[in-house]
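Working notes, structure below.
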Amino acid sequence: MDRNPSPPPLPRNEVDQEEEEVAGGDCIGSTVYSKHWLFGVLSGLIQLVSPENTKSSSDDEEQQMELDEEMENEICRVWDMSMDEDVALFLQEFNAPEIFMGVLAKSKCPRLREICVGILGNMACFQEICMSISNDKNLGQVLLQCLYDSDPPTLLETSRLLLTCLSQTEVASVWVERIQEHPAIYDSICFIMSSSTNVDLLVKVGEVVDKLFDLDEKLMLEWIRNGAVQPQDQPQEDSEEQRVFRIVPCVLEAAKQVRSENLEGLDVYMHILQLLTTVDDGIQAIVQCPDTGKDTWNLLFDLVCHEFCQPDDPPIILQEQKTVLASVFSVLSAIYASQVEQKYLKVEKVDLSLIDSLIRVLKNVEHCQKKPENSAESNTEETKKSDLTQDDFHLEILKDISCEFLSNIFQVLTKETVTKGLKEGQLSKQKCSCAFKNLLPFYSPVVEDFLKILHEVDKTLAGDLEESFPSLKAQT
């Protein structure tokens, strides 16, 4: 049997020392990690930030930016070890968070700062430690200061730690309140989203923003308004000049950056936009500035018409795209409903392309919701049942959002647009049947109005659809 090669044997003196330490109860919890060794590493960290070492001349400043290779290797081992709960608890008992706080407050070495935040992030994965870290006001302040760092790896680990804490119900409000007390965090996060090319960092920062907006609507509203420039404070030639919002352009820039490399990241940023549309100020942040509204519309329109759920894609691909599509359609629908007078929306091709995409999505939803008749796996494995239930839930959400958006478009269709749609195939009998099947009975008035236009354009098709849907025939 193949196996991984064994590590090289330790020198005899190290083996003897290790055996003595193990015999003397040197192990941390149930692990094989040595308390004595860990004490040594933490003591070395304390020495690094001691007053004698931090009082240095400008000649030594460059040296402070570098981390000794041996120390880096050792502290990285601690970083790996801290994923173990016994080690994390031991670090907590030894007041390691205080040591890391001292490093973050005093050290100028980016690598050392990154590792210290990373260790705290691992420790915070355990609830008891997360609560302790979160309730330490001084440590909380120091960690939030790390969001102003210029080092992408440190920013990534800080964002990871924040997301971990925000995901703990017991302490989430503590972090939301702290962030509200530091308005500059908004500027820092906007700067990262609008200027970083580090996809991993953008995804993690997006997850933090998404979580914050989901947890606290008040904070979301503050961030929307923080980015607004009030033109009335200075004279303007055009009194109707719109306010400029920063949050939406920053989110769009980050979405464009992660678009081709990380679907989950794109999903996160689309969900942020969707959360913005749940409040009126958020919708206005998107549509009130014409350039921002157009940029948002163009990006999302391109995603649904040229990237997601394309005619040649297998229907099952919708399972991968269902959540991001739900967010995209929700935002497009909000823009469409609130700004139908905008020039970039008043194009026949726009309506017909969206109708085509929406009907294709609804058709694929139906395909994905079909249950295999003799699926032994789905009947015997409880976990797969749970997964299917979760998938069905998201598919239903996508279906509901798609139907609402489709009904909004149907309401503004003209005779000319319907004629063109019939000619080009976006409103074929098969596609109209799919649309009617999903829109009825909840959107009956919309379907009936569309059918009246269809009678003027193609009586035969209108009659066939009435035959297929008797409830419509009864109304006419």
Side-chain angles (χ1 to χ4, degrees), residues 277 283 287 293-294 297-298 300-306 308-311 325-326 328-367 396 398-476:
T277 63
I283 295 175
V287 302
K294 186 175 181 180
W297 179 270
N298 287 344
L300 274 57
F301 181 83
D302 189 51
L303 287 172
V304 297
C305 293
H306 303 119
F308 294 140
C309 200
Q310 295 302 291
L325 270 171
V328 170
F329 280 145
S330 180
V331 177
L332 285 173
S333 182
I335 297 174
Y336 196 90
S338 63
Q339 288 288 297
V340 290
E341 73 275 9
Q342 290 292 344
K343 291 181 180 179
Y344 56 86
L345 300 178
K346 296 286 284 183
V347 183
E348 285 181 352
K349 188 177 179 181
V350 168
D351 289 339
L352 293 174
S353 296
L354 286 171
I355 288 172
D356 201 38
S357 295
L358 286 162
I359 292 175
R360 184 163 57 250
V361 166
L362 288 169
K363 185 179 178 182
N364 288 349
V365 166
E366 184 179 352
H367 175 89
E396 278 298 322
L398 175 57
K399 178 182 176 180
D400 291 345
I401 291 172
S402 299
C403 286
E404 181 179 1
F405 191 15
L406 187 60
S407 72
N408 287 340
I409 298 174
F410 267 32
Q411 289 181 64
V412 297
L413 288 180
T414 63
K415 183 177 177 181
E416 292 73 21
T417 306
V418 172
T419 301
K420 188 175 181 180
L422 290 171
K423 183 179 179 181
E424 296 181 356
Q426 294 96 338
L427 292 172
S428 64
K429 180 180 178 181
Q430 183 183 23
K431 291 178 180 179
C432 285
S433 294
C434 179
F436 286 15
K437 182 179 179 181
N438 284 279
L439 291 174
L440 295 171
F442 298 109
Y443 299 96
S444 293
V446 174
V447 175
E448 289 164 11
D449 288 344
F450 171 77
L451 201 58
K452 291 176 183 176
I453 298 175
L454 197 58
H455 264 291
E456 299 178 32
V457 177
D458 190 330
K459 290 185 178 180
T460 303
L461 176 57
D464 289 344
L465 289 170
E466 286 176 339
E467 289 294 330
S468 300
F469 298 91
S471 62
L472 292 174
K473 192 174 182 180
Q475 296 292 327
T476 56

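The analysis underlying the following values was restricted to heavy atoms, covering all of them including side chains, and did not include hydrogens, waters or symmetry mates.
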Q) Hey, what do you get for CZ (F329) to CG (D400), rounding to the nearest 0.5 Å? A) 13.5 Å
Q. Taking atom NZ of K431 as the centre, does the number of heavy atoms from other residues, nucleotides or ligands within less than 6.0 Å exceed 12?
A. yes
Q: Measure up the F410 and F450 rings against each other and bin them: parallel (under 30°), tilted (30 to 60°), perpendicular (over 60°).
A: parallel
(Q) Looking only at side-chain N and O atoms, does S333 offer a donor or acceptor that is under 3.5 Å from a partner on N408? (A) yes
Q. After noting the C-alpha distance and the side-chain angles of L472 and L465, does the key distance pass the side chain to side chain contact (heavy atoms under 4.5 Å, CB included) rule?
A. CA-CA 8 Å; L472 292 174; L465 289 170; 5.7 Å; no
Q: Enter the distance from C309:SG to L303:CG here, rounded to the nearest 0.5 Å.
A: 13.0 Å
Q: Could you tell me the separation between the CG atom of L451 and the CD atom of E466, rounded to the nearest 0.5 Å?
A: 5.0 Å
Q. Is a side-chain donor or acceptor of S353 paired with a backbone partner of V350 at a separation under 3.5 angstrom?
A. no
Q | Donor-acceptor contact below 3.5 Å, side chain S433 vs main chain K429 | A | yes
Q) Hey, mind stepping through K437 and E366 against salt bridge (Lys or Arg N to Asp or Glu O under 4.0 Å) and telling me if it holds? A) CA-CA 11 Å; K437 182 179 179 181; E366 184 179 352; 2.6 Å; yes
**Q.** Other residues, nucleotides, ligands: >12 heavy atoms within 6.0 Å of E424 CD
**A.** yes
Q. Rounded to the nearest 0.5 Å, how far apart are CG of L332 and CG of L354?
A. 6.5 Å
Q. Once you round to the nearest 0.5 Å, how far does CG of L352 lie from CG of L413?
A. 7.0 Å
Q. Under the 3.5 angstrom rule, does the side chain of Q310 hit a backbone N or O of F308 as a donor-acceptor pair?
A. yes
Q: Report yes or no: does T419 contribute a side-chain atom to a donor-acceptor pair with the main-chain N or O of K415 at less than 3.5 Å?
A: yes
Q.
Would the distance check show the side chain of S402 and the main-chain N or O of L398 forming a donor-acceptor pair, the cut-off being under 3.5 Å?
A. yes
